[in-house]
Number of protein chains: 2
Amino acid sequence: MATSKSDNLSASLEDYLEAIFNLSSESNIARSKDIAKSLDVSRASVTGALRVLKQKGLANYKPYDYVTLTDTGRATAAEIAKKHKILQVFFIDVLGVEPDVAQQAACKAEHALGSGIIAKLLCFIEFVSHSSKNGYDMANQFQNFCKKQMSKSSGKQDRKKWSRKK
Amino acid sequence: MATSKSDNLSASLEDYLEAIFNLSSESNIARSKDIAKSLDVSRASVTGALRVLKQKGLANYKPYDYVTLTDTGRATAAEIAKKHKILQVFFIDVLGVEPDVAQQAACKAEHALGSGIIAKLLCFIEFVSHSSKNGYDMANQFQNFCKKQMSKSSGKQDRKKWSRKK
DNA sequence: TGACAAAGTTAGGCAAGACTAACTATATTA
DNA sequence: TAATATAGTTAGTCTTGCCTAACTTTGTCA
């Protein structure tokens, strides 16, 4: 809430920002070509996005030069990367979702959830891991519960409470 | 997984479908004007969307007539509405998020999460409510834990593990 | 150092999804 | 039933975000 500058940014621009942030962390340099590759987008699209990010004061961009983020850009990107990480951990460690599914979902959901909910989610992850230190492995309990539930309802077409099909 | 026909549908079209579904449930009729109002969009945009939904076999649309959903359309819309509901309940009852914030977040996240994760989430909600029947009110425990955590970290600018602000 | 490959940019186009303004059809009611 | 208000549509425009193809700049290596 206090530090969020990611307002006004489209999901697409957030993706570019995050990609630059990640590439910079990994290989210390963000090349246009690698941004394109990591987002599965053409190099021309990257050029376009960089111009917008520069104009918004988030990236230092000069044609034919390496890209870096401004302080604001880095802060914003870090927020987004943080959302991504928290969602991923929640999906994998709490819900027990397959890593690749979790990764994909985090990519999309990171643009949909505000920092308030993300903070709560982080807290919840800590709550769960705290519980396991106290001898009650909640994540594991849930997995067992989940398996039972899934097998219970797998025969039926519908589940009473939630579905309004047909 | 089995019943999901919502592939190929943009977030925008999913919103239209859901709005029609909800209006039909509430007032038995979905008028163009009301769809426009509920999505905060112009009437002209609704007309455009209805043509696309018809063409995709999801809505029965004739100019100047009331709109209804086809069976496929209704099933798809029900899936979306279900996602919305599950997310909303999770945000409010498990995470303890304010209802209006939860509502807004559910609106966006419903387009980002696949049915696998949603199923897990539903299971988790049941796990939590199951726990309270067994004398351990997990939601409540979490709220207390959360309050402690929030107040702990509120003094600091940063939190070690997750934040990379500034 | 000059030729060639790789990286980056520009130009032009397209689709989705929204808007406004003007028009048409339907409903209401005097 | 004719006038008018309301609902819905059409036409035209704009923005975002992507693409391909062609061009320019940079880097490499014989």
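Computed from heavy atoms alone, side chains included, the values below leave out hydrogens, waters and symmetry copies. In the text below, chain A, chain B and the rest are named by the order of the sequence lines, each starting its count at 1. No experiment lies behind these values; they were computed from the predicted model shown.
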*Asks:* Check side-chain contact (heavy atoms from CB on, under 4.5 Å) between A:Asn140 and all other residues, then give those that pass, not counting sequence neighbours.
*Replies:*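 Result, side-chain contact (heavy atoms from CB on, under 4.5 Å) vs A:Asn140: A:Asp137, A:Asn144.
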
*Asks:* Mind checking salt bridge (charged side-chain N to carboxylate O under 4.0 Å, His left out) for A:Asp34 and listing every partner two or more places apart, or none if nothing turns up?
*Replies:*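 Applying salt bridge (charged side-chain N to carboxylate O under 4.0 Å, His left out) to A:Asp34 gives A:Arg31.
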
*Asks:* Taking only residues two or more places apart in sequence or in another chain, which ones pass side-chain contact (heavy atoms from CB on, under 4.5 Å) with A:Ile92?
*Replies:*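 By the side-chain contact (heavy atoms from CB on, under 4.5 Å) rule, A:Ile92 matches A:Gln88, A:Pro99, A:Ala102.
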
*Asks:* Please encode protein proximity along nucleotides 1-17 of chain D as a string of B, S and -, counting only heavy-atom distances under 4.0 Å.
*Replies:* ------BBBB------S

*Asks:* Donor-acceptor pairs are to be reported for all side-chain atoms of residues 45-62 of chain A against protein atoms at under 3.5 Å, with residues two or more places apart or in another chain.
*Replies:*
from    : atom 1 : to      : atom 2 : distance (Å)
A:Ser45 : OG     : A:Ser42 : OG     : 3.0
A:Thr47 : OG1    : A:Arg43 : O      : 3.3
A:Lys54 : NZ     : A:Tyr61 : O      : 3.0
A:Asn60 : OD1    : A:Thr68 : OG1    : 3.1

*Asks:* Under the ring-ring contact (aromatic ring centres under 6.0 Å, His included) definition, can you give me all pairs with a residue in residues 107-132 of chain A, not counting sequence neighbours?
*Replies:*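 ring-ring contact (aromatic ring centres under 6.0 Å, His included) check on residues 107-132 of chain A returns A:Phe124-A:Phe127, A:Phe124-B:Phe124, A:Phe124-B:Phe142, A:Phe127-B:Phe142, A:Phe127-B:Phe145, A:His130-B:Phe145.
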
*Asks:* Would you grab the first and last nucleotide of DNA chain C (5' to 3') that comes under 4.0 Å of any non-hydrogen atom in chain A?
*Replies:*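 On DNA chain C, the outermost contacted nucleotides are C:dA7 to C:dT10.
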
*Asks:* Share the residues that join A:Ile29 in a hydrophobic cluster, the rule being Ile, Leu, Val, Met, Phe, Trp or Tyr side chains under 4.5 Å apart at the heavy-atom level.
*Replies:*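 Members other than A:Ile29 - counting any ILVMFWY side chain reachable under 4.5 Å - are A:Tyr66.
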
*Asks:* Quick one: which residue pairs count as a ring-ring contact (aromatic ring centres under 6.0 Å, His included) with a foot in residues 37-56 of chain B, not counting sequence neighbours?
*Replies:*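 Checked against ring-ring contact (aromatic ring centres under 6.0 Å, His included) - neighbours excluded - no pair reaches residues 37-56 of chain B.
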
